[in-house]
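These numbers come from the heavy atoms of this one structure, side chains and all, not from hydrogens, waters or symmetry mates.
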Amino acid sequence: MRHLRDVSEKDRQTLRPGTAAPAASRDHGPPTERSSRADIEAFVARAQSTAPAPEGPRGRLMFALDATMSRQPTWDRACRIQAEMFEEAGEIGGLDIQLVYFRGFDECRASKWISNAERLRDVMTGIECRGGLTQIRKVLRRAIDETRRERVQAVVYVGDCMEEDVDALCARAGELGLLKVPVFIFQEGNNGPASAAFSEIARLTGGAHLSFSASAPDELRRLLRAVAVYAAGGRKALADMSARGEKGAQLLIGKMS
C-alpha cells in the first residue's frame, strides 16, 4: 500500500501532511449606518463568548498491533474501536495516530501520521494478518526515532505473545523511559513469558500492562479510549475522565507505574 512503508532501524524520514491556508478576501459592500458604541460592545461580547478556543498542540499516539495470523479477531475489533479513540481525544485537543504493525517474515510497516478516523479505518481494513514471529523490538525502535523527531505522547501495543530476546526489548524500553514515552501494553490471553516481558516494558517506560479477554470486547474499547485521552491531554485529562466514572480511565490510572 502506498501510504505504508517499511520500518527499519535507520528510518529517519518525516511524513507529515501539510495544510494550505485559505486566501484572504474583502467584502466591498454598500455603506451602512454607523453603529452605536453600545451596539459595538454588545457585538464584541457575543463574538468573544462564541469564538472557538485556540487550538493547542495535538497529541501523537503510536498504535502498534501484532498482525500475525492469530491476531485477526483482535485486529477486526481494533478497526471498530479506533474511531472512538479519535472521538474521545477530539473533545480535549485532538489526536494524530500512526499505525505500526508486523506480520509474515520480517515485515514491519508504519503509516503516516493520521488525524482522521475514516482514513485510519481505511488503512486498517486493507491489511490482512499473516503468520510470523513477533517484532516488538522494531516497534520500540520506531517509537524512539519518532520521538526524537517530534514528541510522541504514548505508545499502545496490542498482542498476545513475545518471541524475542527480552533483554534487548528492555534496553529499548529504557530508552523510551528516558524520553518520557509510556508504553501501554494490552495483552490478550495469559502467555507467561509475554506477561513477564510486557510488565517490565511497562515499568521501564512508566506505562501500564493490562490483560483483556476476547470474550469481553468492551474492555479493550474502554482502555484504548482512556489511552487516547491521556495522549491528547495528559494525566489531568485522564484524571478528569476517571472522575466522571469511566472504568477504563480508573483502571489505567491504577496500573500506571
Side-chain angles (χ1 to χ4, degrees), residues 1 4-11 61-79 81-82 97-111 123-124 126-147 152 154-179 181-217 219-220 223-224 227 255 257:
M1 303 177 67
L4 295 172
R5 54 195 175 84
D6 292 326
V7 176
S8 66
E9 301 295 334
K10 297 181 180 179
D11 184 7
L61 171 69
M62 183 174 290
F63 190 23
L65 296 103
D66 180 341
T68 54
M69 192 64 74
S70 64
R71 310 304 308 141
Q72 188 66 59
T74 303
W75 186 278
D76 294 339
R77 191 176 305 122
C79 287
I81 291 170
Q82 53 85 14
I97 293 180
Q98 182 178 70
L99 174 67
V100 181
Y101 70 94
F102 56 78
R103 64 181 182 176
F105 178 72
D106 205 34
E107 179 186 1
C108 185
R109 294 181 180 271
S111 73
V123 173
M124 294 183 70
I127 298 169
E128 295 181 354
C129 293
R130 298 175 183 170
L133 302 177
T134 63
Q135 300 176 56
I136 303 167
R137 63 182 180 83
K138 291 185 179 180
V139 172
L140 300 179
R141 178 76 260 169
R142 175 79 186 183
I144 292 167
D145 291 345
E146 285 289 346
T147 300
V152 173
V155 176
V156 165
Y157 175 73
V158 183
D160 62 348
C161 63
M162 189 281 301
E163 297 156 321
E164 302 167 64
D165 180 73
V166 66
D167 290 327
L169 295 181
C170 289
R172 288 184 177 170
E175 289 186 63
L176 283 173
L178 293 174
L179 293 170
V181 181
V183 179
F184 298 94
I185 301 182
F186 300 99
Q187 180 184 1
E188 184 172 4
N190 55 4
N191 180 282
S195 294
F198 294 163
S199 294
E200 188 64 5
I201 291 170
R203 184 188 70 81
L204 289 167
T205 62
H209 167 224
L210 302 103
S211 298
F212 70 95
S213 171
S215 61
E219 189 176 15
L220 181 62
L223 291 169
L224 288 177
V227 175
K255 289 286 188 177
S257 302

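Gln187 is linked by a side-chain contact (heavy atoms from CB on, under 4.5 Å) to Asn191, Ala194, Ser195, Phe198, His209, Ser211, counting only residues two or more places apart in sequence or in another chain. Phe102 is linked by a ring pair (Phe, Tyr, Trp, His ring centres under 6.0 Å) to nothing, counting only residues two or more places apart in sequence or in another chain.
With respect to Arg130 and Glu128, no salt bridge is recorded, no charged nitrogen being found less than 4.0 Å from a carboxylate O. Electrostatic pairing of Arg203 and Glu200 counts as a salt bridge here, judged by a charged N lying under 4.0 Å from a carboxylate O.
Side-chain contact between Leu61 and Val152: absent, with no pair of heavy atoms (C-beta onward) separated by less than 4.5 Å. Residues Ile144 and Arg172 are in side-chain contact: their nearest non-hydrogen atoms beyond the backbone lie under 4.5 Å apart. Contact annotation: the side chain of Tyr101 never approaches that of Gln135 to less than 4.5 Å [non-hydrogen atoms, C-beta and beyond]. Put simply, the side chain of Lys138 reaches to within 4.5 Å of the side chain of Asp106, judged on heavy atoms. Side-chain contact between Met62 and Val156: absent, with no pair of heavy atoms (C-beta onward) separated by less than 4.5 Å. With a 4.5 Å cut-off on side-chain heavy atoms, Thr74 and Asp160 do not count as touching.
Taking every heavy atom of both residues into account, Met162 and Ala197 meet most closely at CE-CB, 3.9 Å. Residues Glu164 and Ile136 approach most closely at OE2-N, 2.5 Å, considering heavy atoms. Of all heavy-atom pairs spanning Pro182 and Gly206, the tightest one is CB-O, 3.7 Å. Nearest heavy atom pair, residue Val139 against residue Ala64, reads CG1-CB, 3.5 Å. Smallest separation of non-hydrogen atoms from Ala110 and Val100: CB-CG2, 4.0 Å. The minimum heavy-atom distance between Val155 and Val181, with the atom names listed, is CG2-CG1, 3.8 Å.
Atom CD of Glu219 and atom CG of Leu223 lie 6.0 Å apart (nearest 0.5 Å). Here Leu204 contributes atom CG and Leu140 contributes atom CG; the two are 10.5 Å apart, rounded to the nearest 0.5 Å. Distance check: Phe212 CZ to Leu224 CG gives 8.0 Å after rounding to the nearest 0.5 Å.
Proximity of a side-chain donor or acceptor of Thr205 to a complementary backbone N or O of Leu176 within less than 3.5 Å is not detected.
Inspection of the Thr68 and Arg71 side chains reveals no N or O donor paired with an N or O acceptor under 3.5 Å. Side-chain contact annotation: Arg142 with Gln98, donor-acceptor N/O pair under 3.5 Å present.
Across Leu133, Asp66, Ile127, a single residue satisfies side chain to side chain contact (heavy atoms under 4.5 Å, CB included) together with Arg103, and that is Ile127.
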